[in-house]
Amino acid sequence: GQQVMQIPQYQHVQEGEDFTTYCNSSTTLSNIQWYKQRPGGHPVFLIQLVKSGEVKKQKRLTFQFGEAKKNSSLHITATQTTDVGTYFCAYSGAGSYQLTFGKGTKLSVIP
Amino acid sequence: GAGVSQSPSNKVTEKGKDVELRCDPISGHTALYWYRQRLGQGLEFLIYFQGNSAPDKSGLPSDRFSAERTGESVSTLTIQRTQQEDSAVYLCASSLVQGKAFFGQGTRLTVV
């Protein structure tokens with residue numbers, strides 16, 4: 001079935017450096033969502049993108065949905081220790097609520 | 001309630017016993033999901049309910065796993081004859097609109 005590949009699986013950055021995680025699909029996605037899971041916590045919804053080429057920003061976080069709607073990225077500018085966690089992309093099929101997650105990118109921030 | 005509530009938060013059970021995990025979704029949310037997350041791993045889809053439609057059970061790993069939902073309310077996930085490989089955090093989520101799922105804190109199941 002349809003799957004998304006997240007890269008990298010792990011990322012270690014020095015505090016203040018930028019971070020980007022990518023979510024790639026072999027088929028067109030109707031939407032993409034991003035979630036953050038802090039260590040020991042549960043996934044928390046960050047954002048949903050639905051339009052081709054869409055870009056959304058939340059403070060230091062920038063989310064993009066590719067023109068072909070087959071890939072997405074999450075970019076964090078000037079990471080902070082509070083950004084530590086695992087970032088998951090997820091998608092639901094057209095007209096469906098079923099939600100499928102990527103395997104996530106685990107971010108470590110070195111103070 | 002204000003958020004998705006799961007109980008118990010922790011459950012230790014002996015191999016071979018049955019367990020029931022409960023999820024109270026956010027009031028009015030028509031969609032409800034169960035996921036399994038093993039230590040350090042991603043979210044494994046188990047089952048999802050949407051309104052009065054037949055549930056999508058395609059992610060249930062074996063016939064030892066089953067789930068029910070009463071209308072658009074509480075859901076229970078039952079694991080029969082538990083095995084050690086069932087040890088994981090079981091996460092429930094609910095949503096009102098497509099996407100934007102709200103997760104509970106999870107039930108950490110340990111089978112000894």
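Numbers restart at 1 for each chain; the letters A, B, ... are given by sequence-line order, proteins then strands.
For L32(B), no part lies under 4.5 angstrom from a heavy atom of chain A. No part of E44(B) comes within reach of chain A, as not one of its non-hydrogen atoms sits under 4.5 angstrom from that chain. Residue Q98(A) touches chain B through both its backbone and its side chain, counting heavy-atom pairs closer than 4.5 Å. With a threshold of 4.5 angstrom between heavy atoms, Q6(A) does not approach chain B through any atom at all. With a threshold of 4.5 angstrom between heavy atoms, Q50(B) approaches chain A through side-chain atoms but not through N, CA, C or O. Looking at S53(B), there are no atoms closer than 4.5 Å to chain A (heavy atoms on both sides), in backbone or side chain.
No path of Ile, Leu, Val, Met, Phe, Trp and Tyr side chains, each step under 4.5 Å between heavy atoms, connects F103(B) with L109(B), placing them in separate hydrophobic clusters. Residues F63(A) and V4(A) share a single hydrophobic cluster, defined by chaining ILVMFWY side chains whose heavy atoms lie under 4.5 Å apart. Residue Y33(B) is grouped with residue L91(B) when hydrophobic side chains (ILVMFWY) are merged at heavy-atom distances under 4.5 angstrom, including chains of intermediate members. Note: the hydrophobic cluster containing Y90(B) also contains I47(B) (ILVMFWY, side chain heavy atoms under 4.5 Å, direct or indirect links). In terms of hydrophobic clustering, with Ile, Leu, Val, Met, Phe, Trp and Tyr side chains grouped at heavy-atom distances under 4.5 Å, W34(A) and L29(A) are assigned to a common cluster.
Residues from residues 39-51 of chain A that place a non-hydrogen atom less than 4.5 Å from a non-hydrogen atom of chain B comprise H42(A), P43(A), F45(A), Q48(A), given in numerical order.
At distances below 3.5 Å, not a single donor-acceptor pair connects side-chain atoms of Y35(B) with backbone N or O atoms of F101(A).
Between the CG atom of L43(B) and the NZ atom of K103(A) there is a distance of 10.5 Å, given to the nearest 0.5 Å. For the atom pair N31(A) CG and K100(B) NZ, the distance stands at 13.5 Å (nearest 0.5 Å).
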* Under the side-chain contact (heavy atoms from CB on, under 4.5 Å) rule, what do L99(A) and Y48(B) come out as? Steps first, then yes or no, please. => CA-CA 9 Å; L99(A) 201 53; Y48(B) 121 88; over 6 Å; no
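Comparing G42(B), G59(B), A101(B) by heavy-atom pairs within less than 4.5 Å of chain A, the highest count is held by A101(B).
When all heavy atoms of Q37(B) and F88(A) are compared, the pair lying nearest together is NE2-CZ, 3.9 Å.
Residue E14(B) qualifies as open at atom CD: its count of foreign heavy atoms under 6.0 Å is 12 or below. By the neighbour-count criterion of 12 heavy atoms within 6.0 Å, atom CD of E15(A) is densely surrounded, having more than that number from other residues, nucleotides or ligands.
The disulfide (SG to SG under 2.5 Å) contacts involving residues 82-112 of chain B comprise C23(B)-C92(B), where partners must be two or more places apart or lie in separate chains.
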